[in-house]
Amino acid sequence: MTTFPLTKTRPARRAQRTKQRVGTAVSSLLLIAFAALTMLPIYIMIAVSLKTGTAGETNPFGLPLDPQWQNYVNAFVNMHYLQSVANTLIITISTAVLTIFTASMAAWAIVRYTRRWTRTAYQIFVAGLTVPVFVVVTPLYQILQQLHLLDTYPGIVLAYTALTMPFAVFFFSGFLRAVPAELEEAAAVDGCNLFRTYWNIVLPLLRPATATLTIFIILQVWNDLILPLILLSSNDKQTVTLAVYATIGTHTFSTAQLLPTLVLGVIPLFVVFLVLQRYVVAGISVGAGK
Amino acid sequence: MRGRSAFLLILPAGLLFAVFVIYPLIRGIELSFTNAIGPSGGALVGFDNYVKMFQDPTMLRALLNTLVYTVVVVVVQNGVALFIAFWLFKLKRIRNFVRASLLLPAMMAFVAVGYLWSFIYSPLGGPLDLAMDALGLRSLEKIWLGDPQTALFAIAFVYIWMYTGYSATIFLANYLSIDPSQLEAAQLDGARGWKRFRLIDWSLLAPSMTINVTLSVIGSLRVFDLPFIMTRGGPNNATQTISLYIYNSSFTNFQFAYGTTLAVALLLLTVIVGVTQATLLRRREVDL
């Protein structure tokens with residue numbers, strides 16, 4: 001019969017498919033186990049933060065069946081949590097706004113007005129990517145002191161903005177280069193002045209790049225210790241990360257005090273990550289995808 | 001766009017960058033040739049600080065530690081990340097979940113991570129030792145952060161824990177951007193698994209390799225926060241790094257001149273390593 005060869009291969013093919021499916025299941029399970037192991041320290045952080053000091057030190061792995069919410073109340077008070085969150089928000093938002101406007105304007109000029117001096121300007125900005133913050137931080141401290149900007153919001157915001165500038169200019173320029181200039185030229189023909197063209201055409205065009213850059217700035221400012229440690233000295237201006245450092249650094253701590261402080265320190269960014277995950281992943285993948 | 005408009009558009013960014021990055025950079029280089037202590041001036045002393053730096057055993061130790069740390073982090077982090085990305089690429093269903101879990105540590109501040117792992121490594125009721133007790137591995141336990149043999153690697157491990165997911169995300173994005181027909185063609189030619197990876201994927205992943213190696217090199221050459229929080233450079237300078245030593249010189253001992261000298265050395269090191277590695281990786285991208 002003509003169907004003979006088919007009936008012979010069908011079970012073989014089915015066997016192969018089953019084998020493949022088992023393989024996929026096994027490697028999925030292994031990878032999920034690896035992910036769980038990676039998250040184990042985070043689980044321990046949360047579990048122990050809800051236990052009494054002794055329970056945390058004898059059994060850090062178990063579920064916190066008798067959650068000690070009082071731990072959080074204490075940490076909340078010790079860290080001046082609301083004040084610290086508000087301070088960090090002020091610094092982050094100001095840095096993001098200032099960086100986005102100045103860097104996008106510069107990138108627009110660099111990309112659309114190609115002369116030797118704009119190319120040089122671009123190269124100088126980009127060279128800044130290699131400068132470690134420690135190289136400039138000591139003189140920066142002196143300069144801010146001379147300008148009476150030490151221990152002020154404007155001082156630290158200007159420092160963050162300047163230090164983020166290389167990446168921001170680089171990033172916006174790369175994005176703009178991939179976009180044809182037609183829209184902007186049409187706007188100019190229609191009689192839009194420079195400012196209107198920037199505001200109505202260029203800024204909206206840059207929106208996806210702006211979203212990514214904002215996430216980078218949020219991550220950078222929320223997680224940075226060095227600049228707040230050196231440039232901010234008064235307690236009522238400290239950022240969340242500095243509050244974590246200052247609270248833990250000045251006390252002898254039991255786990256019941258240590259871990260809630262850490263959880264409160266990281267929770268805002270965890271929330272940002274869970275809500276904006278897609279943008280965070282897209283931001284990290286810039287340059288490697290598409 | 002006219003020249004004057006372009007100039008006005010670049011001016012705010014340029015001014016900020018000039019005042020708060022370029023000027024401090026020049027001032028820093030200038031400062032490194034003085035004997036300034038604290039924020040006020042100081043007299044010119046020529047290359048004294050640089051001579052001192054090359055004879056300073058702490059600085060030489062910090063340089064060695066920083067280089068060892070960088071090599072360990074770059075190799076392990078990118079190796080593991082590449083392996084995970086290769087694996088995840090095939091497993092569509094769990095991809096997003098695994099990626100998100102692995103990325104979570106990178107969202108934490110170094111300060112929080114440093115304190116968390118100090119607790120985990122603690123010899124007094126630390127979860128790591130408790131887990132090893134339970135697995136019958138008590139004989140392998142060390143005072144992880146207190147033993148000069150293990151301290152630097154214990155810190156490197158934490159950094160790798162934080163950023164492997166980040167690197168894997170970049171590799172995975174590169175994988176997802178590859179034209180599937182290229183990989184299918186390779187499969188049909190009989191190149192599967194490891195063989196396909198070696199012959200095909202390795203070269204197609206060159207762009208993400210460049211990004212990942214660059215990021216991990218830059219990140220680990222300037223390592224500061226983790227040793228600052230976890231060991232303060234100890235025990236016996238076993239985890240002293242260049243950035244940490246800069247901080248201690250400038251802001252603990254107020255030797256501003258010496259601190260910036262070390263900083264200039266760090267800048268030179270970063271530029272040399274950066275240029276070498278960029279040249280190598282770019283040549284590789286062209287060759288492939």
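Proteins get letters first, then strands, A, B, ... in listed order; numbering begins at 1 in each.
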Part of [X] within contact of chain A (heavy atom distance under 4.5 Å):
X        : answer
B/Ser250 : side chain
B/Ile29  : neither
B/Phe228 : side chain
B/Leu104 : both
B/Ala265 : neither
B/Arg2   : backbone
B/Ile94  : side chain
B/Val80  : side chain
B/Thr270 : side chain
B/Ile22  : side chain
B/Ile120 : side chain

Hey, could you give me the [atom1]/[atom2] distance between [X] and [Y], rounded to the nearest 0.5 Å?
X        : Y        : atom1 : atom2 : answer
B/Arg99  : A/Leu31  : CZ    : CG    : 12.5 Å
A/Phe273 : A/Gln277 : CZ    : CD    : 4.5 Å
A/Leu140 : B/Phe20  : CG    : CZ    : 7.5 Å

Quick check on [X] against chain B: is it the side chain, the backbone, both or neither that has a heavy atom closer than 4.5 Å?
X        : value
A/Leu219 : side chain
A/Ile44  : side chain
A/Val240 : neither
A/Leu144 : side chain
A/Leu194 : side chain
A/Met45  : both
A/Phe61  : side chain
A/Val135 : both
A/Tyr198 : neither
A/Ile267 : neither
A/Ser28  : both
A/Val48  : side chain

If you tally heavy-atom pairs under 4.5 Å against chain B, which of [options] wins?
options                                : value
A/Leu262, A/Thr161, A/Val137           : A/Leu262
A/Thr138, A/Leu242, A/Thr102           : A/Thr138
A/Leu274, A/Leu40, A/Thr197, A/Leu229  : A/Leu229
A/Trp222, A/Phe101, A/Phe34            : A/Phe34
A/Gly265, A/Ala159, A/Pro60, A/Ser27   : A/Ser27
A/Ile230, A/Leu147, A/Thr130, A/Val133 : A/Ile230

Taking every non-hydrogen pair under 4.5 Å, which of [options] racks up the most with chain A?
options                               : value
B/Pro127, B/Gly28, B/Gly259, B/Gly126 : B/Pro127
B/Phe7, B/Phe110, B/Phe97             : B/Phe7
B/Leu128, B/Leu103, B/Val19           : B/Leu103

So do the side chains of [X] and [Y] get within less than 4.5 Å of each other, counting heavy atoms only?
X        : Y        : answer
A/Thr261 : A/Gln257 : no
B/Ile246 : B/Phe224 : no
B/Tyr166 : A/Ile284 : yes
A/Val126 : A/Leu129 : yes

Would [X] and [Y] count as having a side-chain donor-acceptor pair, cut-off 3.5 Å?
X        : Y        : value
A/Tyr160 : A/Asp224 : yes
B/Thr252 : B/Asn248 : yes
B/Ser249 : B/Gln255 : no

Margin query: Pair B/Leu82, B/Asn212 - check side-chain contact (heavy atoms from CB on, under 4.5 Å), show working.
Written below: CA-CA 10 Å; B/Leu82 189 53; B/Asn212 270 329; over 6 Å; no
Exercise for the section: Show your reasoning for whether ring-ring contact (aromatic ring centres under 6.0 Å, His included) applies to B/Phe171 and B/Tyr175. Expected result: CA-CA 6 Å; B/Phe171 280 128; B/Tyr175 254 124; 8.3 Å; no
| ring-ring contact (aromatic ring centres under 6.0 Å, His included) between A/Phe170 and A/Phe125: does it pass, once the steps are laid out? | CA-CA 8 Å; A/Phe170 169 76; A/Phe125 277 122; over 10 Å; no
* Would you mind telling me which of B/Tyr115, B/Tyr121, B/Phe119 makes a ring-ring contact (aromatic ring centres under 6.0 Å, His included) with B/Trp117? =>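 Of the listed options, the one satisfying the test is B/Tyr121.
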For this session: State whether the side chain of A/Arg115 and the backbone N or O of B/Gly3 hold a donor-acceptor pair below 3.5 Å, judged by distance alone.
Result: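 Checking the backbone N and O of B/Gly3 against the side chain of A/Arg115, no donor-acceptor pair under 3.5 Å is found.
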Check your understanding: Is the ring centre of B/Trp87 less than 6.0 Å from the ring centre of B/Phe83?
Key ->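 For B/Trp87 and B/Phe83, the ring centres are under 6.0 Å apart.
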- Determine whether more than 12 heavy atoms belonging to other residues, nucleotides or ligands lie under 6.0 Å from atom OH of A/Tyr113.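 Buried by this count: over 12 neighbours within 6.0 Å.
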Flag if over 12 foreign heavy atoms under 6.0 Å of CZ, B/Phe251
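Above 12, so yes.
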